[in-house]
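Step one of this worksheet: look at the structure below.
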Amino acid sequence: MLDDHQMIDQIVIRREAMASLDAAEAADLVDYVDRARGPRRADAAVHELSLALTQPVPTIERRIAQARRLRSTMPTVWQAWQDGRLSTSAVGEIDRAARRLTHPTSRVDLDGQAVDAASGRTPGQLSRWLDRWVERTEAHAARARHETARADRAVRLRPLGDAMTRLTVDIPATEAAAIAQRLTAAAHALASDDARTLDQARADIVCDVLLDRRDGALGYRAVIGITVPLSSLLGFSDAPGELTDRSATIPAFIVREAVADEHSLLYRLVTDDIGNLLTVQWLGRFAPARLRQVLAFRDGTSVFPTSSVPAAHCDSDHTDPWPAPTHAANTGPLNRRAHRLKTEGLIDLRQPTPGVFAWTTHTGHRYTRRPEPVPIADWDLPPPHPA
């Protein structure tokens, strides 16, 4: 049995081995894509890696781009990663900092210092050290870096479960500080008997302002698709619903509150006994709005296995090309990049049964994307806990 000293050494050795394996995999990703001839075949190679590793295509592309940068411009960091002397998280922080630099000589200088700087520092401490290094080394390029970073401003959603979602926004630091101060001031201005915490009040104020809910007005009305069993709507069960794109589960009581709004619009979906939508057929080449809506309810997202693009943002693709029938058993939402690869014959798609999409890559590997049944009353729900 190992003593405590040996156990610590073993843990460190294993962490170094894991980092080395990550680096080797990154090198393999680049080498595999580089074997493809032409941009379209390279795109097909990226999609195949996405399927093989069960990672989204953008994630694969980011990993390949990072490996290319490190291997070509930061050889010291690259070798330290290969040797396991740098963790994968530390490599990510170093690459993030290097991408902010505008001069090749600065990148060379960072390559010479980063490995030593990472030693003994946590990823957070290393990140702060790198930020300071970049700001001091290229202080003259601060405006250019800010404009580049500002161009990437965005709003993102991350489902948290329990009918909650985290909304984040990337904006200039000064504006973020001003917004935070205004939210805090507005929260402090609430009535003294308001029982909400400061964080709760600030979160509610954000919703009220952005949705224009003031003085009891309902404000902005969004179009949000939710599938839910009829029994839940009528209050006979508490089986939850789901957003149409499957990104979040919605408790029955929230759905019932939404449906109580006189402006809510309901559709009746006919499913089999396990929640699979029955097929719908249309005589024509292009799927009409109603069929596209059915496919959105059935598939939720693109039918490419690693894609999370909502069905509403996808092409309506014929699995077997037109003039094959336009119905749900031969149609599905497909994101544009995967659609083009399929059309060009760089990847094969079949739909053996409605909603089941079988993909075959040029290497002969097969991947199947099966539908997630919509909520039904007979879902196996645990009995409610006693009060």
Side-chain angles (χ1 to χ4, degrees), residues 18-75 77-78 81-82 88-89 91-96 98-99 148 151-152 154 156-158 245-247 299-319 321 332-351 356-371:
M18 292 172 62
S20 181
L21 287 173
D22 286 342
E25 183 179 84
D28 288 344
L29 295 179
V30 175
D31 292 342
Y32 181 74
V33 173
D34 284 348
R35 294 169 60 176
R37 297 180 178 178
R40 300 305 298 153
R41 293 190 178 277
D43 195 25
V46 169
H47 279 71
E48 176 147 17
L49 291 170
S50 169
L51 293 170
L53 299 180
T54 322
Q55 293 182 346
V57 168
T59 299
I60 297 295
E61 290 178 322
R62 285 193 295 269
R63 295 182 62 190
I64 291 173
Q66 180 192 71
R68 288 191 195 281
R69 286 191 299 268
L70 293 173
R71 191 158 68 174
S72 62
T73 66
M74 305 194 77
V77 170
W78 175 257
W81 190 24
Q82 298 286 316
T88 302
S89 59
V91 169
E93 293 295 336
I94 295 170
D95 177 63
R96 182 183 66 84
R99 282 188 294 149
T148 299
D152 291 332
R156 298 177 179 85
L157 301 178
R158 178 190 172 192
D245 64 2
R246 310 301 202 274
S247 63
D299 300 313
T301 65
S302 167
V303 298
F304 189 76
T306 59
S307 175
S308 297
V309 176
H313 300 160
C314 292
D315 298 336
S316 183
D317 172 63
H318 284 74
T319 307
L334 189 56
N335 59 293
R336 181 64 57 85
R337 288 180 63 179
H339 191 178
R340 287 175 176 170
L341 293 175
K342 169 185 171 290
T343 300
E344 295 173 14
L346 296 175
I347 192 168
D348 181 70
L349 173 62
R350 294 288 181 268
Q351 192 174 171
V356 176
F357 294 85
W359 296 84
T360 304
T361 66
H362 86 283
T363 60
H365 291 86
R366 297 180 179 180
Y367 306 89
T368 301
R369 198 271 197 185
R370 303 184 184 278

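For the numbers below, each heavy atom of this structure counts, side chains included, while hydrogens, waters and symmetry mates do not.
- Across Lys342 and His318, no two heavy atoms sit closer than the pair NZ-O, 3.0 Å.
- Note: Thr148 OG1 to Arg99 CZ = 11.5 Å, rounded to the nearest 0.5 Å.
- In this structure the side chain of Arg337 never reaches within 4.5 angstrom of the side chain of Phe304, judged on heavy atoms.
- Rounded to the nearest 0.5 Å, atoms OG1 (Thr319) and CG (Asp348) are 10.5 Å apart.
- Contact detail for Asp152 and Arg156: the closest heavy-atom pair is O-NH2, 4.4 Å.
- Listed here is the closest heavy atom pair of Tyr367 and Leu51: CE2-O, 3.5 Å.
- Residues Arg41 and Leu346 form a side-chain contact, since some pair of their non-hydrogen atoms from C-beta on lies under 4.5 Å apart.
- Counted within 6.0 Å of CZ on Arg96, heavy atoms from surrounding residues, nucleotides or ligands total more than 12; the atom is thus considered enclosed.
- Taking 4.5 Å as the limit, some side-chain heavy atom of Pro371 sits within range of a side-chain heavy atom of Val356.
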**Message:** For a side chain to side chain donor-acceptor pair (under 3.5 Å) check, start with the C-alpha distance between Thr301 and Arg369, then their side-chain angles and the critical distance, and finish with the verdict.
**Reply:** CA-CA 11 Å; Thr301 65; Arg369 198 271 197 185; 3.0 Å; yes
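- Between Arg340 and Asp315 there is no salt bridge, since no side-chain N of the basic residue sits under 4.0 Å from a carboxylate O of the acidic one.
- A distance of 10.0 Å separates CD of Glu48 from CG of Leu53, quoted to the nearest 0.5 Å.
- How far NE2 of His365 is from OG1 of Thr360: 11.0 Å, rounded to the nearest 0.5 Å.
- Closest heavy-atom contact between Trp359 and Val303: NE1-O, 3.2 Å.
- Once rounded to the nearest 0.5 Å, the distance linking CD1 of Ile94 with CE of Met74 reads 6.5 Å.
- Using a 4.5 Å cut-off on side-chain heavy atoms (C-beta onward), Leu334 and Phe357 make no contact.
- Put simply, the side chain of Ser20 gets close to the backbone of Gln82: a donor and an acceptor are under 3.5 Å apart.
- Here CG of Leu49 is found 11.5 Å from OG1 of Thr54. Values are rounded to the nearest 0.5 Å.
- Here Arg35 does not pair with Asp31 in a salt bridge; the nearest charged N to carboxylate O distance is not below 4.0 Å.
- Relative orientation of the Trp81 and Trp78 rings is perpendicular, given thresholds of 30° and 60° on the angle between their planes.
- Look at Arg63 and Asp22 and you find no salt bridge, because none of the NZ, NE, NH1 or NH2 atoms lies under 4.0 Å from a carboxylate O.
- When all heavy atoms are compared, the tightest approach of Ala42 to Val33 is CB-CG1, 4.1 Å.
- A side-chain hydrogen bond (donor to acceptor under 3.5 Å, both in side chains) with Thr59 is found for exactly one of Gln55, Arg62, Glu61, namely Arg62.
- Applying the 6.0 Å contact sphere to CZ of Arg68 captures more than 12 heavy atoms from other residues, nucleotides or ligands.
- Counting non-hydrogen atoms of other residues, nucleotides and ligands closer than 6.0 Å to CZ of Arg40 gives a total above 12.
- Here the closest heavy-atom approach between residue Ser50 and residue Ile60 is recorded as CA-CG1, 3.8 Å.
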